Amino acid sequence: MTLSRLFQFRFKPVQPYNFELTVKKPAGWSWFTPYEKWERGTVWSGFWFGRVPIGVKARSAGRSVIVDVYSARKLPKDELARLEHQLSESLGVNDDLRPFYKLMRKHRMLKDIVKHLYGMHEGWGMNIFSSLTLAILLQMAPIKRSEEMWACLIKAHGKKISFDGQTIQLWPDERTIAKQSPHTLAKRCKLGYRAKFLVKMAKQLVAGFPSVEELAKMTPEAANEKLMELFGVGEYTAGFASPHPSFSLDVWSIKIFYPILFGKHAPAKDPRSGIKRANLAAEKMWGDWRGLVLVYVLNDLKYLADKFKVPIT
DNA sequence: GCGTCCAGGTCTACC
DNA sequence: GGTAGACCTGGACGC
């Protein structure tokens with residue numbers, strides 16, 4: 001599908017702000033889709049905005065971020081305003097990180113991370129189904145296998161969009177996945193039990209579900225509860241997809257956070273058992289900033305491993 | 001080469 | 001409401 005240029009948005013981020021660190025995280029996480037392109041300070045990416053595939057070209061210009069928006073059809077004014085708002089949230093341009101940095105600098109293991117990732121912001125995903133799909137494919141699998149699963153799923157069912165001389169492949173949308181047979185999906189992309197989760201969840205979303213914006217207007221707890229009504233979505237997956245910053249620890253990240261929170265390694269036999277205690281300690285230590293602490297830590301793991309012997313594998 | 005374990009969770013049945 | 005056990009798959013590991 002070929003898209004035409006629709007509009008240009010210009011954002012003035014609250015400083016400090018680093019565009020490259022924000023859209024291209026050091027840990028390798030992409031802005032919207034694993035198949036977006038990055039070249040000399042410019043990113044080409046895309047996402048589903050409701051039923052409409054959207055392409056974006058974004059770059060930094062001085063203290064501004066310029067985003068060109070591409071679409072196959074014109075959007076009414078109110079939709080355009082919604083898109084502008086969601087893009088500003090996806091770039092985190094309205095967030096003042098200074099109180100967060102003040103907090104990070106108090107911790108002996110975290111203070112240097114501020115220097116390494118200064119100006120990196122975290123934003124919303126633009127599409128709930130894409131975020132949930134990613135989280136479900138991360139369940140109970142080493143990262144390499146998760147990558148194989150999403151590569152196959154996007155190749156088989158993701159939409160290709162072309163704009164500004166680039167072709168980007170999007171995550172599959174919920175209407176496409178809702179029509180698939182879980183058995184076929186499981187066999188084709190080796191998704192295992194996750195195929196049933198994806199198809200049932202897609203059907204629930206097609207039947208009607210709050211948008212990212214509506215979830216953002218809820219309290220973090222209410223948004224998580226709503227997300228957990230979806231089949232296959234537990235606390236971890238809901239936290240991953242929620243527009244509210246969340247502190248979603250899993251069996252892997254608890255091993256990293258245990259030394260940061262308690263100064264010792266997680267229980268070797270059953271690391272999962274420490275998750276509840278770690279969540280309470282993080283809330284006490286960092287309050288509402290704990291979600292961003294998680295993002296910063298996961299994007300500077302090599303430093304933590306080298307300097308503090310934190311287990312990262 | 002073969003069997004077992006387990007990984008960036010969640011659901012279900014059972015108590 | 002709390003808690004085992006099952007769920008896909010494939011790589012790592014021990015023998």
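Note on naming: letters A, B, ... go to the chains in the order of the sequence lines (proteins, then strands), and numbering restarts at 1 for each one. As the structure is a computational prediction, the values presented were derived from the model and not from experiment.
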Might you list the N or O atoms of the protein lying below 3.5 Å from N or O atoms in nucleotides 13-15 of chain B, with each pair's distance?
none

Is any side-chain heavy atom of [X] less than 4.5 Å from a side-chain heavy atom of [Y]?
{"X": "A:Leu117", "Y": "A:Pro26", "answer": "yes"}
{"X": "A:Met120", "Y": "A:Asn18", "answer": "no"}
{"X": "A:Thr33", "Y": "A:Phe47", "answer": "no"}
{"X": "A:Phe32", "Y": "A:Leu170", "answer": "no"}
{"X": "A:Ile254", "Y": "A:Trp252", "answer": "no"}
{"X": "A:Met285", "Y": "A:Leu261", "answer": "yes"}

Round to the nearest Å and state the distance from [X] atom [atom1] to [N] atom [atom2].
{"X": "A:Leu137", "N": "B:dA7", "atom1": "CG", "atom2": "P", "value": "19 Å"}
{"X": "A:Gln139", "N": "B:dC6", "atom1": "CD", "atom2": "C1'", "value": "16 Å"}
{"X": "A:Ile275", "N": "B:dA7", "atom1": "CD1", "atom2": "P", "value": "11 Å"}
{"X": "A:Asp250", "N": "B:dC6", "atom1": "CG", "atom2": "P", "value": "17 Å"}
{"X": "A:Met201", "N": "B:dG9", "atom1": "CE", "atom2": "P", "value": "16 Å"}
{"X": "A:Leu132", "N": "B:dG8", "atom1": "CG", "atom2": "P", "value": "20 Å"}

Residues two or more places apart in sequence or in another chain: which of them pass salt bridge (Lys or Arg N to Asp or Glu O under 4.0 Å) with [X]?
{"X": "A:Glu221", "result": "none"}
{"X": "A:Glu84", "result": "none"}
{"X": "A:Arg82", "result": "A:Glu79, A:Glu213"}

Original post:
How far, in whole Å, is B:dC2 from C:dC8 if one measures between their P atoms?
Top reply: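 Here C:dC8 and B:dC2 have their P atoms 25 Å from each other.
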
Original post:
Which whole number of Å gives the distance between the C1' atom of C:dA4 and that of B:dG8?
Top reply: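 The same atom, C1', in both gives a distance of 22 Å.
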
Residue pairs, two or more places apart or on separate chains, that pass salt bridge (charged side-chain N to carboxylate O under 4.0 Å, His left out) and touch [range]:
{"range": "residues 163-173 of chain A", "value": "A:Lys57-A:Asp164, A:Asp173-A:Arg175"}
{"range": "residues 63-72 of chain A", "value": "A:Arg5-A:Asp68, A:Arg59-A:Asp68"}
{"range": "residues 145-158 of chain A", "value": "A:Lys144-A:Glu148"}

Polar atom pairs between nucleotides 7-11 of chain C and protein, under 3.5 Å, N or O only, would you list them?
unit_1 : atom_1 : unit_2   : atom_2 : d
C:dC8  : O4'    : A:Tyr193 : N      : 3.1
C:dC8  : O2     : A:Arg145 : NH2    : 2.6
C:dC8  : O2     : A:Arg194 : NH1    : 2.9
C:dC8  : N3     : A:Arg194 : NH2    : 3.4
C:dT9  : OP1    : A:Lys187 : NZ     : 3.4
C:dT9  : O4'    : A:Arg145 : NH2    : 3.2
C:dT9  : O2     : A:Arg145 : NE     : 3.3
C:dG10 : OP1    : A:Lys190 : NZ     : 3.0

**OP:** Could you check which residues of residues 227-247 of chain A get a heavy atom under 4.0 Å from DNA chain B? Sort them by number, please.
**Re:**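 A:Leu230, A:Phe231, A:Gly232, A:Val233, A:Gly234, A:Glu235, A:Tyr236, A:Thr237 - these, ordered by number, are the residues of the stretch whose heavy atoms sit under 4.0 Å from the strand.
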
Validation: residues 87-95 of chain A side-chain donor-acceptor distances under 3.5 Å, sequence neighbours left out:
unit_1  : atom_1 : unit_2  : atom_2 : d
A:Ser88 : OG     : A:His85 : O      : 2.7
A:Glu89 : OE2    : A:His85 : NE2    : 3.4
A:Ser90 : OG     : A:Leu87 : O      : 2.8

Original post:
Which stems, defined as runs of 3 or more consecutive Watson-Crick or G-U wobble pairs with both pairing distances under 3.5 Å, involve DNA chain B?
Top reply: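 Ordered by first number, the stems with DNA chain B (at least 3 consecutive pairs each) read B:1-7 with C:9-15, B:9-15 with C:1-7.
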
Original post:
A:Trp29 near the nucleic acid: base, sugar-phosphate alone, or nothing, with a heavy-atom cut-off under 4.0 Å?
Top reply: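 Base, at least one base atom sits under 4.0 Å.
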
Subject >> With sequence neighbours excluded, residues passing side chain to side chain donor-acceptor pair (under 3.5 Å) with A:Lys106 >> reply: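 With neighbours one apart ignored, the set is empty.
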
